[in-house]
There are 2 protein chains.
Amino acid sequence: MLQAGTVDHGLSQSRYRLTKQRAAVLQALSDGGHLSAEAILERVRLHMPGVSLGTIYRTLDILREIGLVQIFTFGGIAARYEKTLDKHHHVLCSVCRSLVNVRADSVADIARDVAEREGYTDIDFSLTIVGRCSACAAQPAIALR
Amino acid sequence: MLQAGTVDHGLSQSRYRLTKQRAAVLQALSDGGHLSAEAILERVRLHMPGVSLGTIYRTLDILREIGLVQIFTFGGIAARYEKTLDKHHHVLCSVCRSLVNVRADSVADIARDVAEREGYTDIDFSLTIVGRCSACAAQPAIALR
DNA sequence: CTCTCTGCAAAGCATTTGCACATTG
DNA sequence: CAATGTGCAAATGCTTTGCAGAGAG
């Protein structure tokens, strides 16, 4: 069953079933945001109360395995999940913890060079920039952590 | 009191006291490794049994505030602490979770450009490369996470 | 003597997991 | 119906914190 409005994007072609919970998690991420598991739970529960956080985590892990979503971790805050997009990096505001995607294609060359020099294979890489966003720029200084 | 062999490197010039626990944490990090709080505790306890993990975390937080150590977090593993060195980045082995420091000076320019374009100020940045280290290259594949 | 620091143990968060029941194909 | 998925709640791993006593200036 795959009705109008249902989100699939490849789940049903994997060895996993397309359940309504999984479709709802994909739906929650479909607008391109970077959401924590808790935030995804909130969105999913709007249309489907009773879903548990455990299911959200299990679903996200499956979706990551299939390649439909990516997980990003930053010190001090819960992991953020995004639907898989073109390779990009992140800027995290040190004050409000908001997150923005940025492109930086030249990083790929650097990462590959470094990895090769050190003898690493099968590499992935990510650049995280932490700084004060323009909206927070007027605020008094708060220490990074 | 600051005897021969004691590690200080600036703590006593801060508003914090140089206690033997704090000196021991600095000592544990003096060989340039990237240690978890637990690993630091082990090293410290060799010469000073009875030190608690809470003290290690509190000490590391102070040392970070003063600028003597840096904290780095990676998804799925406990945070690693290093004594402050020249700007560098990390390569994490996806199999054995070993961590290596690498230089990549050109990343700084990219990060500054990106941050400026997006309107961020007071930036810091870090490139994390995840890959299979040469020692693990012979092993069967294990999924990244 | 006062302020800072420490050990201990409990609490806090994010995430994972065991189990019995529900759902899917 | 057999396999997979889910809710619930407990467990886990890492880190933080309140408190009462110890140590430093």
Side-chain angles (χ1 to χ4, degrees), chain A residues 1-3 6 8 11-26 28 34-42 44-45 47-66 69-81 97 99 143 145, chain B residues 1-3 6 8 11-26 28 34-42 44-45 47-66 69-81 97 99 143 145:
Chain A
M1 72 112 196
L2 186 56
Q3 301 158 358
T6 301
D8 181 337
L11 228 197
S12 60
Q13 293 151 53
S14 72
R15 70 177 196 79
Y16 299 104
R17 290 176 183 166
L18 176 61
T19 63
K20 51 189 190 316
Q21 289 87 342
R22 290 173 187 173
V25 169
L26 282 169
H34 347 66
L35 278 57
S36 64
E38 197 80 47
I40 293 168
L41 178 67
E42 280 177 33
V44 168
R45 279 188 169 166
H47 297 286
M48 198 186 297
V51 176
S52 73
L53 193 52
T55 293
I56 301 294
Y57 277 111
R58 276 186 288 228
T59 296
L60 288 168
D61 196 49
I62 287 171
L63 296 177
R64 180 190 52 70
E65 185 191 326
I66 299 174
V69 311
Q70 286 175 272
I71 179 176
F72 294 96
T73 58
F74 307 92
I77 65 176
R80 298 307 168 88
Y81 300 83
R97 304 286 170 185
L99 201 55
R145 64 139 43 213
Chain B
M1 71 111 200
L2 187 54
Q3 300 159 358
T6 302
D8 181 338
L11 228 197
S12 62
Q13 293 151 52
S14 72
R15 71 177 194 80
Y16 299 104
R17 291 179 183 161
L18 175 62
T19 63
K20 51 190 190 315
Q21 288 88 342
R22 291 174 186 171
V25 169
L26 282 168
H34 349 63
L35 279 57
S36 65
E38 197 80 48
I40 293 169
L41 179 66
E42 280 177 32
V44 168
R45 279 188 169 167
H47 298 286
M48 200 187 296
V51 176
S52 73
L53 193 52
T55 294
I56 301 294
Y57 277 111
R58 276 185 289 227
T59 297
L60 288 168
D61 196 50
I62 287 171
L63 296 176
R64 180 190 51 71
E65 186 192 326
I66 299 175
V69 311
Q70 286 175 272
I71 178 175
F72 294 97
T73 58
F74 308 92
I77 64 175
R80 298 309 167 86
Y81 300 84
R97 303 286 170 187
L99 201 55
R145 63 140 45 214

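Naming: A, B, ... by sequence-line order, numbering from 1 per chain.
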Determine: side-chain N/O of [X] to OP1/OP2 of [N], distance under 4.0 Å, yes or no.
X       : N      : value
A:Tyr57 : C:dT15 : yes
A:Thr19 : C:dT23 : no
A:Ser52 : D:dT6  : no
B:Gln21 : C:dG7  : yes

### Query
Considering heavy-atom distances to DNA chain D, does B:Arg17 or B:Ala79 have its closest nucleotide positioned more toward the 5' end?
B:Ala79

### Criterion salt bridge (charged side-chain N to carboxylate O under 4.0 Å, His left out) on B:Arg58 and B:Asp61, from CA distance to verdict
CA-CA 5 Å; B:Arg58 276 185 289 227; B:Asp61 196 50; over 6 Å; no

### Task
Look at all strands and tell whether B:Glu38 reaches a base, only sugar-phosphate, or nothing, counting heavy atoms closer than 4.0 Å.
nothing

Between [atom2] of [N] and [atom1] of [X], the distance in whole Å:
X       : N      : atom1 : atom2 : answer
B:Arg45 : C:dG7  : CZ    : P     : 9 Å
B:Leu63 : C:dC5  : CG    : P     : 12 Å
B:Leu60 : C:dT6  : CG    : P     : 12 Å
B:Phe74 : D:dT15 : CZ    : C1'   : 17 Å
B:Ile56 : C:dG7  : CD1   : P     : 8 Å
A:Arg15 : D:dA2  : CZ    : C1'   : 15 Å
A:Leu41 : C:dC13 : CG    : C1'   : 15 Å
B:Ile62 : C:dC5  : CD1   : C1'   : 8 Å

### Message
Whether the side chain of B:Arg58 and the base of D:dG18 hold a donor-acceptor pair under 3.5 Å is what I'd like checked.
### Response
yes

### Gap between atom CE of B:Met48 and atom OG1 of B:Thr55 - 0.5 Å precision
10.5 Å

### Task
Select one nucleotide: of C:dG7, C:dA14, D:dG5, the one nearest the side-chain heavy atoms of A:Arg22.
D:dG5

#### Entry: Donor-acceptor contact present, side-chain A:Arg45 to main-chain A:Val51, <3.5 Å
yes

### Query
Of the options A:Val25, A:Leu53, A:Leu35, which is the one that meets A:Leu41 in a side-chain contact (heavy atoms from CB on, under 4.5 Å)?
A:Leu53

### Query
Looking at residues at least two apart in the chain, or sitting in another chain, which of them share a side-chain contact (heavy atoms from CB on, under 4.5 Å) with B:Ala79?
B:Ile71, B:Thr73, B:Tyr81

